[in-house]
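In what follows, a structure is listed as structure tokens, so that the remarks can point back to it.
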Amino acid sequence: MLTLPKKELITFLIFAVVVLSMPVWLIPFGASYPGLLQTFAIFGLFAVGFNILFGLTGYLSFGHAAFLGVGSYTAVWSFKLFTMNPIPAIIFAIIISGVFALLIGFISLRRSGIYFSILTLAFAQMSYNLAYSVLTPVTNGETGLALTMQDPRIIDLAFSERGEALPQVALFGLNMAGYGGFYFAAIILILGYFVAQKIAISPFGMMLKGIKSNQNRMGYTGLNTKPYTLAAFVISGMYAGLAGGLLAVTDPLAGAERMQWTASGEIVLMVVLGGIGTIFGPVLGAWIIKYFANIFSAINENILHNMFSFLPASVQDFLVPLLALFVGEGWELTMGLMFVLVVVFLPGGLMEGYRRIAVRISAMSSKETKSVDKPAQTDKQAGGE
Amino acid sequence: MDAILVQFLNGLDKGGAYALIALGLTLVFGTLGVVNFAHGALFMLGSFCAVAFRKLLLLERIELSETELSPWGTALEIRTPYVNEIFGAYGDVLIDWSVPISILVAIPIMLLIGIAMERGLIKHFYKRPHAEQILVTFGLAIVLGEIIKTIFGANPIPQPMPEVLRGTADIGVLFGMAENAVTYPWWRMIYFLFSLSLIGAVFAFLRFTTFGMVVRAGMADREMVGLLGVDIDRRFTIVFGIAAVVAGLAGVMYTPILPPVNTLGMDFLVLSFVVVVVGGMGSLPGAVAAGFLLGILQSFASLPEVKAIIPGIDQVIIYLVAVVILLVRPRGLLGKSGVMEN
């Protein structure tokens, strides 16, 4: 149950070490501060979950941010009503978003291909619009749901007095705002990664891959594919809810903008950039996009001038305004361009790029083999008709 | 009665915009088989054609007056727009009518953008899965939106409509109601008529010209038309350009109703996809009918009486309709059977 084949076990262990040592190896990149580290862990988890649906079954959902939002709201309500301990909060987040995913998935999965994408998009937009308007008593509308001094917090207040300041999320005394939150999220990411690996090699995962490569044929063999796709949808919805809950754990605030369809688009970007269908790829994609979002958007012209101060002034004056278009406010332009380039030239994402390079290198080292076949492009068949 | 008429009218202009965008989307899907998530961005680019054209008209030469002084003691700046220098008093008319006139500018620009987009990017995606088409056009939409943001900033830029058209029309009188019971802004009426005539033009073009005939034949059986020695790819490229022009013009004329901003494309895109799905993927009349239908439905749903019965219905009505249609009649209202039905 809790074991993996040797090869997967090694990748899992390497992954765990990489994640846990992030605060160290990210220092040279200037990204080693708690806020960003938490984002890395949380969106890595979101991407791993999204890949279980998109990567394994080929169903492209454009509404996964809705589950992220539901998870966040649930977690904040758990803080408000029961306790500031994050564990019940994320458990509630998983359950509620799972129920939500079951409902939406049950309806959306009656269609496939582009119709499925549009259905999920429609549901996500509905949730977003409702969160802004009618559901204001639950979601607190545009202001967003936050903790207040008057919250009941029945479990916490049964054991202690109401304090002077707003309480903070803490796991038995460990504050979740800083590195504590990162390690909490990181451990959950590692667990989530393990589960995703298990799913990918399990008979269930094989079924999902079969559905991706040819759903009709799977049907002809007498298999009812619906329960499998629905299970994949619910699992990935739960991952999203868990990620949303973790967002609330590290910062107990939930707003409807988390559910907007651009947020759903972002997660698709992450998975595609990293590599659809691989397990590490989506995490890598999430890290890269979040890194860009934080680091690139902070660069301005002055910083660029300092960076290029070794160049002659004339070159600098030409180069800096040009590069300034792509950083700071314009970082999304970089992201969009990067995304288009990846889809055009490298549909398998960065992981496929890595594989191609690895093949090239092994071809060079063994000179007897003159021609090396391209790696099998199993990921091509995304989204059935 | 008059409340119903008001809501009906309010739905028309929005419905017109939906119909125009959905028409282009369907055209592209029917000919090239490409799901174009960047189509909303074309609408946005069109609206920015109007913005850019007005900016161009308002370019002015600044001179320092030698005799007069401004209230704070510096030399008074005399600003004369270049158009006034070239056209004299007509310059003011030009500026006043900048939005309708920018249609003339927008047509060639949008045609070029459309053709460049198709030749440069989309043609490589004919044979790739729909998911990849969605992804690449989605990325393109982000890029276009961001380019506009770097040029024009992230704030909405209001565009005035020509002065004569600023008032409202008293529609109610025509139906024998009291004066000012039902009024409707002239510009919205013009937008509705404009969208109707543009739709009519596209249909006539496809129906009554040889080019249109070839395109329709290509929609039915691309390979066969190709075998008959027609360069169908080139025709389809031009169709893509036409779809871009339609979306762009819809954007140009919409600017006085909704100030253009770089996120406009995304907002309209989601809705017009829903419109296409409701109308039936690949069906041009379906797209138009569904566009108007959903526009009117949406405006009815925002009636206070309706909202009192089902709170929040105005926010979700379009999506709700789409969900029901997709589940009950997946080919859409007027879709042909067998086209993208599963």
Side-chain angles (χ1 to χ4, degrees), chain A residues 54 58-60 62 107-108 110-119 121-136 215-216 260-262 265-266 268-269 272 276 324-326 329-344 347 380-385, chain B residues 29 35 37-38 121 124-125 128-151 153-154 262-263 266-267 269-271 273-274 276-278 281 307 310-324 326-327 330-332 340-342:
Chain A
F54 183 37
Y59 278 80
L60 172 56
F62 251 96
I107 301 174
S108 306
R110 295 180 56 177
R111 303 274 154 244
S112 62
I114 174 183
Y115 287 133
F116 174 78
S117 304
I118 292 174
L119 271 173
L121 183 59
F123 277 115
Q125 283 298 95
M126 271 201 260
S127 326
Y128 168 70
N129 287 346
L130 288 178
Y132 255 127
S133 57
V134 189
L135 294 179
T136 306
Q215 185 161 12
N216 286 340
Q260 211 178 0
W261 79 283
T262 43
E266 197 187 41
V268 181
L269 290 184
V272 173
I276 311 164
L325 287 179
F326 296 96
E329 296 264 288
W331 78 269
E332 283 182 54
L333 178 63
T334 324
M335 193 183 75
L337 279 175
M338 202 162 66
F339 182 66
V340 171
L341 292 178
V342 165
V343 180
V344 173
K380 272 250 157 164
Q381 273 283 331
E385 298 265 315
Chain B
F29 181 77
V35 182
F37 260 52
L121 188 65
H124 304 293
F125 280 81
R128 309 233 317 229
H130 282 309
E132 279 180 23
Q133 297 171 352
I134 293 178
L135 293 172
V136 80
T137 48
F138 179 64
L140 185 66
I142 296 177
V143 171
L144 291 175
E146 288 304 310
I147 290 175
I148 290 296
K149 194 172 97 182
T150 31
I151 302 174
N262 66 320
T263 54
M266 293 290 190
D267 300 343
L269 174 85
V270 179
L271 288 172
F273 252 106
V274 170
V276 170
V277 167
V278 170
M281 210 81 187
K307 274 199 274 190
I310 318 167
I313 186 70
D314 55 322
Q315 305 284 331
V316 298
I317 179 81
I318 287 195
Y319 304 109
L320 214 56
V321 170
V323 168
V324 172
L326 273 184
L327 296 177
R331 70 169 102 139
M340 295 276 296
E341 227 184 306
N342 53 345

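To find a chain, count down the sequence lines: A is the first, B the second, and so on, and within it residues start at 1.
With a 4.5 angstrom heavy-atom cutoff, Ile107(A) touches chain B via backbone and side-chain atoms both. The contact between Leu121(B) and chain A is made entirely by side chain atoms (from C-beta outward), counting heavy-atom distances below 4.5 Å. Neither the backbone nor the side chain of Ile148(B) comes within contact range of chain A; no heavy atom of the residue lies under 4.5 Å from a heavy atom of that chain. Only the side chain of Val268(A) comes within less than 4.5 Å of a heavy atom in chain B; its backbone stays farther off. In this structure, chain B has heavy atoms under 4.5 Å from both the backbone and the side chain of Leu333(A). Heavy atoms closer than 4.5 Å to chain B are found nowhere in Tyr128(A), neither backbone nor side chain. Looking at Ser108(A), there are no atoms closer than 4.5 Å to chain B (heavy atoms on both sides), in backbone or side chain.
Note: Leu337(A) CG to Ile142(B) CD1 = 10.0 Å, rounded to the nearest 0.5 Å. A distance of 9.0 Å separates OH in Tyr319(B) from CE in Met126(A), rounded to the nearest 0.5 Å. One distance of note links CD1 of Ile147(B) with CD of Glu332(A); it measures 13.0 Å at 0.5 Å rounding. From Leu140(B), atom CG reaches atom CZ of Phe339(A) across 11.0 Å, with rounding to the nearest 0.5 Å. Atom CD of Glu132(B) is separated from atom CD1 of Ile276(A) by 6.5 Å, given to the nearest 0.5 angstrom. Annotation: the span from Phe62(A) atom CZ to Ile134(B) atom CD1 amounts to 6.5 Å, rounded to 0.5 Å.
The shortest non-hydrogen separation linking Gly336(A) to Val143(B) is C-CG2, 3.4 Å. Val340(A) and Gly139(B) get closest at one heavy-atom pair: CG2-C, 3.5 Å. Scanning all heavy atoms of the two residues, the minimum distance from Phe273(B) to Ile114(A) falls at CE2-CD1, 4.0 Å.
Of the listed residues (Gln125(A), Met338(A), Met335(A)), the greatest number of heavy-atom pairs within a distance under 4.5 Å of chain B belongs to Gln125(A).
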Decide yes or no on side-chain contact (heavy atoms from CB on, under 4.5 Å) for Val343(A) and Phe138(B), but give the supporting numbers first.
CA-CA 10 Å; Val343(A) 180; Phe138(B) 179 64; over 6 Å; no
